[in-house]
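The structure displayed is predicted, hence computed values, not measured ones. Just so it is clear: chains get the letters A, B, ... in the order the sequence lines come, proteins before strands, and each one is counted from 1.
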Number of protein chains: 2
Amino acid sequence: MVAIKRAKNLKFIQEWNRSIILNTIRHSGPISRMEIAKKQGLSPTTVTSAVHDLMEMGLVKESGVGKSSGGRKPILLQFQPDSLSVICIAVGHTSISMAEMNLEAGVKQKRTVPVGGRTGEELVDHLLQSVELFLRSDGYAGISITVPGIVDAENGIVRYNERLKLRDVPIKKLMEERTQLQTCLENDTNAIVLAEKYYGSYKDCENLLYIMIDDGIGAGIILRDSLYRGRNGGAGEFGHTSIDRSGIPCNCGNRGCLEHYAGWLGLYARILAYIHRGRITQMLELAGGDPMAITPDHFLIALNLGDELAEELLEEMAVALSVGISNILNILDPDAVILGGELAQGNERLLTKVNAQIAVENIHGAKDDILVLPASLKGDYALTGAAAVILQEIFRVPG
Amino acid sequence: MVAIKRAKNLKFIQEWNRSIILNTIRHSGPISRMEIAKKQGLSPTTVTSAVHDLMEMGLVKESGVGKSSGGRKPILLQFQPDSLSVICIAVGHTSISMAEMNLEAGVKQKRTVPVGGRTGEELVDHLLQSVELFLRSDGYAGISITVPGIVDAENGIVRYNERLKLRDVPIKKLMEERTQLQTCLENDTNAIVLAEKYYGSYKDCENLLYIMIDDGIGAGIILRDSLYRGRNGGAGEFGHTSIDRSGIPCNCGNRGCLEHYAGWLGLYARILAYIHRGRITQMLELAGGDPMAITPDHFLIALNLGDELAEELLEEMAVALSVGISNILNILDPDAVILGGELAQGNERLLTKVNAQIAVENIHGAKDDILVLPASLKGDYALTGAAAVILQEIFRVPG
DNA sequence: ACACTTATTTTGTCTATTGGAAAAAGTGCA
DNA sequence: TGCACTTTTTCCAATAGACAAAATAAGTGT
């Protein structure tokens, strides 16, 4: 049954309006009080009073005057992204990035600490300590942490991460007790798709999928403008889409899972098999002759060098992905599908091939309607993801 | 960009609270004022005043007293579902059902008019006229219309229906002009999944899929407690999930679409082909020896009679469906998947086979966690669907 | 310089919620 | 049976936020 929303009082309406006004300034600023009032259907009085509060908080500043349209010049209001900071932490399998960022996801200072083989409790302690050392002065609005693996975002608990040996770690609680700062936790892929929507090129997409192609393949899903997590945070297991009923058995119980054809672990297994069978590939040379040393980078470089095996595998990847994506398009009809992750980032040829394949396969794949697109965020996108999570929380209209 | 919510005033809060209180009485009634106040965190005064208004409107009535717990006995409040009616219209390909229903989707009076070969404008005129004749007295809260095919629910326009020759018909506008009553329009499958959630056995499902297996296969999708329609209402094309890359070509451009293996049109084509090749089946006898006369019912009956061909086709259906459903489970991880439509309704063996198959294929198909379930609404479920659409609208908490 | 515009602020009104008191209707024990 | 205590419901005055109207500020255009 639908949870009945909680009743609210006068104070709530003020907060609601203040939040709307702040977001209007954030997204449409510089803007005058009068224009906000018109845009949001509020009385000028209400806007004046809310803006007064926002200026007192330092979140908004008057910044010059606009053009007159026959009367008094409007006083323009501007959002002040540096009035507060958020601490963003992107936990990876090999390193932890940590940054102080402003309210527009701009980096103020950054630091990376190695995981250094730490796992489980030791890793958590290490993390808590590092954060404590990282904090200076105050003016922090909160902390945001992203972790790969299964995350219970609602309760702030890392449910499970194989490689980091984390199981049911109540990170949110631990961090809040230690720092007294509001803390958000989210899965890394979810965070990144939020970042693409709020700080990348996909602002207008109500329904957005981010397909992350690394060792395995996962998806971050935004539907109706907010993250979709499924029943127990189990949504987005895109890598286990079966694209071939009689394909390779997967340890998920099914056969022909997409991951085996388009994820790095699957690809790597095939590369090894080919090499074992005596096939020649530049990937081996690039890895210094050691098959165990081949990395995704070697694959991408070999691709650019025109390596035949790499080509072949790319083709397979594209076909496999296009089948899975076509199915998603039919079911969800999203505004866009983003291809990201180590094997897709900067791999334009994969994108081209996938789109071509989908155009053939799918009703929705109309000519000039390219739906599968590249990630738009470069650089510290993992940190931008963490920032997106907490900033979305901070600026969310209540109710 | 996220649409910023509209600003609100005092009147809004009153409506909001009234709506919350009404829904509390609807779902948890009979209930006392005090209990509502506690449950919703409202002051007793506020509840009293809202209840006063609701009683004046006739939506709520005092109905006896409850048990005392040491003080004054509570006066219980009860929802009055018969205080208003809604007109529900389920347009089908062969007939149009029309009913006056109360605020709990109970039928007060009903009528079915045949489509009788009417199409396009003629059909629409016929429909408008029939509704006008159907209306008696007043006390109507609105009209709800469901139509198969592509529907733009937001604007109340039937975009496209092949068989009824409808294209861009602004039904909502036409009906509202004619009757002066608020009118909702929705796709039939979407309406039915809403009905399963609000008036069936799936009340607790936040994320729910209804797979409708008729001529083709479509899906109605509820995510986070409300209908998901995709970019242009194009979501739910489940029948065009490709389950076999080298399968039968489909006019959607892809190959091996689920529809061909599990939808009636696909099944029928296969049955004809088998008969043509001389295969013996009881379906032919049931249809009086005329292959063109075979209907889904004949298939279902033959199945119960142990017909070999029907068995074979059922097995294929189950396998095909399970592949498609497994993919959905991996991506959306819903609370439940409902199998409905002519070929699934009452077809328990299909359900059993699909579940068995999924248990093998899928991580999520854990033992006692049967996710694929039968439709729970019997009888006039198409009308219940229409009712669900408008009642959900009427009782929705604003904001 | 004067009439008209537009933007912002001030002032007073309106209204839904609310806390607390009062009323209504009980319970339970001596 | 009477009296003290509870619980539910209603009444009342206070509060606070939105708002309309008026006032003020700062223009434009002729």
Round to the nearest Å and state the distance from B:K67 atom NZ to D:dT8 atom P. 14 Å
Return yes if the base of D:dT8 and the side-chain atoms of B:R72 contain a donor-acceptor N/O pair under 3.5 Å, otherwise no. yes
Hey, is A:E196 close enough to A:K203 for a salt bridge, meaning N to O under 4.0 Å? no
Looking only at side chains, do B:T46 and B:S43 share a donor and an acceptor under 3.5 Å apart? yes
Under 4.0 Å between a side-chain N/O of B:S32 and OP1 or OP2 of D:dT8, yes or no? no
Under 4.0 Å: is that the gap between some side-chain N or O of A:K11 and OP1 or OP2 of D:dG17? yes
Options D:dA20, C:dT8, C:dT17, nucleotide nearest the side-chain atoms of B:Q14: C:dT17
Give the rounded distance in Å between these two atoms: CG of B:L77 and P of D:dT8. 13 Å
Side-chain N or O of A:N17 versus OP1/OP2 of D:dG17: is the shortest distance under 4.0 Å? no
Checking C:dT18, D:dA20, D:dT9 against the side chain of B:M34 (C-beta onward), the nearest is D:dT9
Is A:R224 positioned over the aromatic face of B:Y228, cation under 6.0 angstrom from the ring centre and no more than 45 degrees off axis? no
Nearest whole Å is fine: how far is D:dA18 P from A:D53 CG? 10 Å
Side-chain (A:N190) to main-chain (A:E186) donor-acceptor, under 3.5 angstrom: no
Which is more 5' along DNA chain D, the nucleotide nearest A:S43 or the one nearest B:G70? Just name the residue. B:G70
Any N or O donor-acceptor pair under 3.5 Å from the base of C:dA16 to the side chain of B:T46? no
State whether A:T48 places a side-chain N or O below 4.0 Å from either non-bridging phosphate oxygen (OP1 or OP2) of C:dT9. yes
Nucleotide of D:dA18, D:dT9, C:dT9 approaching B:R33 most closely (side-chain heavy atoms): D:dT9
Considering only side-chain heavy atoms of B:I75, which listed nucleotide, C:dT8, D:dT9, D:dA20, is closest? D:dT9
Whole angstroms only, please: what is the CD1-C1' distance between A:I13 and D:dT15? 15 Å
Output the rounded distance in Å from CG (A:L42) to P (D:dA20). 11 Å
Can you tell me how far C1' of C:dT9 sits from CE of A:M55, to the nearest Å? 12 Å
Which listed nucleotide (C:dA7, D:dG27, D:dT8) is nearest to the side chain of B:K38? D:dT8
How many whole angstroms separate atom NE2 of B:H52 from atom C1' of D:dT8? 17 Å
Lys/Arg-Asp/Glu bridge criterion (N-O < 4.0 Å) met for B:E132, B:R178: yes
Is the shortest distance from a Lys or Arg side-chain nitrogen in B:E35 or B:K38 to a carboxylate oxygen in the other one below 4.0 Å? no
The residue, A:S49 or A:S68, whose nearest nucleotide of DNA chain D is more 5′ is A:S49
Measure CD1/A:I31 against P/C:dA7 and give the value in whole Å, please. 11 Å
Closest to side chain of A:L10, choosing from D:dC19, C:dT6, C:dA16: C:dA16
